[in-house]
Amino acid sequence: MNIGYACLAIAVPASDMKSCVLRNADEARLTALIGHNLDALARLIDYNIQNGIKLFRISSDLVPFGSSLAADLPWPHLFAEKLAAIGKRIADTGMRVSMHPGQYTVLNSPDVSVAARAVQDLQYHARVLAALGLGPGHKLVLHLGGVYGNKKQAMDRFIMNFRELEPAVQNRLVLENDDGLFHIGDVLETAVAAGIPAVFDCLHHAVNPANATDAELDWIRRCASTWRKQDGAQKIHYSQQNGDKKPGAHSESIAIDAFLDFYRQLAELDVDIMLEVKDKNLSALKCINCVSGRGISGRDISILEAEWARYKYSVLEHSPEHYQAIRQLLRDKSPSADPALAMYQMIEAALALPVAAGSAVNAAQHVWGYFKDKASASEKKRFQDLMQKFVSGENSLQNVKNHLLKLGRNYQEDYLLKGYYFYIK
DNA sequence: TGACGTCAAGATCCG
DNA sequence: CGGATCTTGACGTCA
């Protein structure tokens with residue numbers, strides 16, 4: 001039972017994917033971007049290993065225009081060494097990765113040129129996983145596609161086009177329900193006919209259920225039977241509704257209590273859970289820490305202390321009271337104490353509170369403390385100006401944080417750069 | 001023809 | 001000039 005996140009990580013330095021627009025794309029630029037992105041991927045994989053995260057989705061942006069302009073570039077050969085090294089790190093640590101072409105990769109389109117581009121795109125994604133040296137348990141997640149006025153024909157066309165795919169793609173392909181067209185009943189029927197696994201997506205299901213009667217868990221069990229030995233453990237997608245946005249929109253963070261209610265239902269199953277959530281690795285770590293009992297032994301409380309170190313200035317700017325309470329919580333080093341859930345509950349409660357200007361100033365001053373002895377006169381003046389203008393309402397708190405982030409980079413304050421203060425509101 | 005979703009690049013504005 | 005903020009891009013379907 002692994003829990004993971006998709007594509008990007010917050011507060012992991014130099015892990016961003018770079019891209020370019022089509023009109024600027026030439027062989028030299030694309031090759032340079034691919035090299036950069038592989039280095040970024042290596043950092044993401046290392047971060048995952050260091051933090052015990054064993055499930056991860058690799059961004060489709062790894063190779064910009066990977067299914068078109070870059071399709072014939074010799075990147076697998078040029079970067080063979082980097083690819084092999086990354087793949088070995090993944091395999092050696094038992095990490096499971098996947099890729100997920102988006103809503104614009106439509107294998108069942110009646111437009112043959114659209115379907116042909118979808119084939120190219122699937123080949124690109126499969127090529128990435130193969131270049132990493134990873135087996136067929138590392139999956140390629142796809143949606144069924146469009147309906148075009150006739151769902152049955154659309155499903156049949158998916159199966160027909162699936163059968164034309166090369167085995168290297170077929171072996172990895174898994175089918176996911178979407179939030180508007182194909183519910184999990186459609187997906188299971190199609191997946192069974194094609195002989196491939198089905199991925200159950202909880203939020204898509206909530207928005208687009210197959211019927212009014214069957215429970216979530218019934219569908220998860222049905223999907224389980226589509227996963228064969230060579231496919232690895234069953235995968236599902238889990239996300240929560242963003243209350244401020246339209247149905248189906250992912251939440252900013254995973255609310256831990258609701259997640260644990262869901263997770264306990266899965267106790268007797270062997271399921272890998274991919275979280276789809278804006279704060280990415282932050283929620284993955286939260287969920288992992290709360291289900292693993294990582295806080296239980298004295299040795300592992302260091303994991304929670306590291307998390308606290310990353311959250312603390314964010315908590316401080318929302319609520320000095322919660323800041324003190326969490327510090328108190330972590331002082332209990334008794335062997336039976338498992339403060340993980342309590343800590344994250346308090347962090348969630350704090351972050352849900354509005355930021356008072358006074359607390360924000362206090363937190364920013366704490367962070368400034370890392371630089372006050374080494375910052376130049378102009379850096380100090382800029383900090384003070386930004387702070388004053390924040391207090392008077394002339395600029396945002398984010399302007400202050402961005403200046404502090406820049407100082408953090410210039411003075412290589414790794415401790416700060418790995419914290420969440422600059423990145424979460 | 002715009003909305004959908006996603007992220008970063010590119011463009012523009014500001015001091 | 002650097003930094004902040006707004007707009008565009010790349011994809012296909014559907015109302």
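Every heavy atom of this structure was used, including side-chain atoms; hydrogens, water molecules and symmetry mates were not. By convention in this document, chain letters (A, B, ...) are assigned in the order of the sequence lines, proteins followed by strands, and residues within each chain are numbered from 1.
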Between Trp308(A) and Tyr344(A), does the ring centroid distance fall short of 6.0 Å?
no

Just checking Asp414(A): does its CG atom have more than 12 heavy atoms from other residues, nucleotides or ligands closer to it than 6.0 angstrom?
yes

Step through the shown structure and confirm whether more than 12 heavy atoms of other residues, nucleotides or ligands are within 6.0 Å of CD on Gln230(A).
yes

Check the surroundings of atom NZ in Lys389(A): do more than 12 heavy atoms from other residues, nucleotides or ligands lie under 6.0 Å from it?
no

Quick one: do Phe162(A) and Leu122(A) satisfy side chain to side chain contact (heavy atoms under 4.5 Å, CB included)? Show the steps, please.
CA-CA 11 Å; Phe162(A) 170 82; Leu122(A) 292 171; over 6 Å; no

Under the ring-ring contact (aromatic ring centres under 6.0 Å, His included) test, which residues partner Phe200(A), sequence neighbours left out?
His205(A)

Could you state the atom-to-atom distance from CE of Met99(A) to P of dT6(B) in whole Å?
17 Å

Pairs involving residues 13-42 of chain A, ordered by first then second residue, that meet side chain to side chain donor-acceptor pair (under 3.5 Å) (sequence neighbours left out):
Asp39(A)-Lys82(A)

Is Lys374(A) atom NZ crowded by more than 12 heavy atoms from other residues, nucleotides or ligands, each under 6.0 Å away?
yes

Please tell me if Lys278(A) has a side-chain N or O lying less than 4.0 Å from either OP1 or OP2 of dT6(B).
yes

Looking at residues at least two apart in the chain, or sitting in another chain, which of them share a ring-ring contact (aromatic ring centres under 6.0 Å, His included) with Phe259(A)?
Tyr238(A), Tyr263(A)

Counting any heavy atom closer than 4.0 Å, what does His100(A) reach on the DNA or RNA strands: base, sugar-phosphate only, or nothing?
nothing

Within the supplied structure, the quantity of interest is the number of heavy atoms (other residues, nucleotides, ligands) at a distance under 6.0 Å from Gln398(A) CD; does it exceed 12?
yes

What's the NZ-C1' distance between Lys246(A) and dT6(B), to the nearest Å?
15 Å

Please indicate whether Arg228(A) has more than 12 foreign heavy atoms, meaning atoms of other residues, nucleotides or ligands, lying under 6.0 Å from its CZ.
yes

Mind checking if Lys389(A) touches a base, just sugar-phosphate, or nothing, with heavy atoms under 4.0 Å?
nothing

DNA chain C contacts made by residues 27-48 of chain A, counting heavy atoms under 4.0 Å:
none

Counting primed atoms plus P, OP1 and OP2 as sugar-phosphate and everything else as base, spell out the protein contacts along nucleotides 6-15 of chain C at 4.0 Å heavy-atom distance: B, S or - for each nucleotide, 5' to 3'.
---SSBBSS-

Under a 4.0 Å heavy-atom cutoff, the residues of residues 392-402 of chain A touching DNA chain C are Asn399(A), Asn402(A)

Of Leu8(A) and Asn24(A), whose nearest nucleotide on DNA chain B comes first from the 5' end?
Leu8(A)

Rounded distance in Å - CD1 (Ile58(A)) to P (dT6(B)):
20 Å

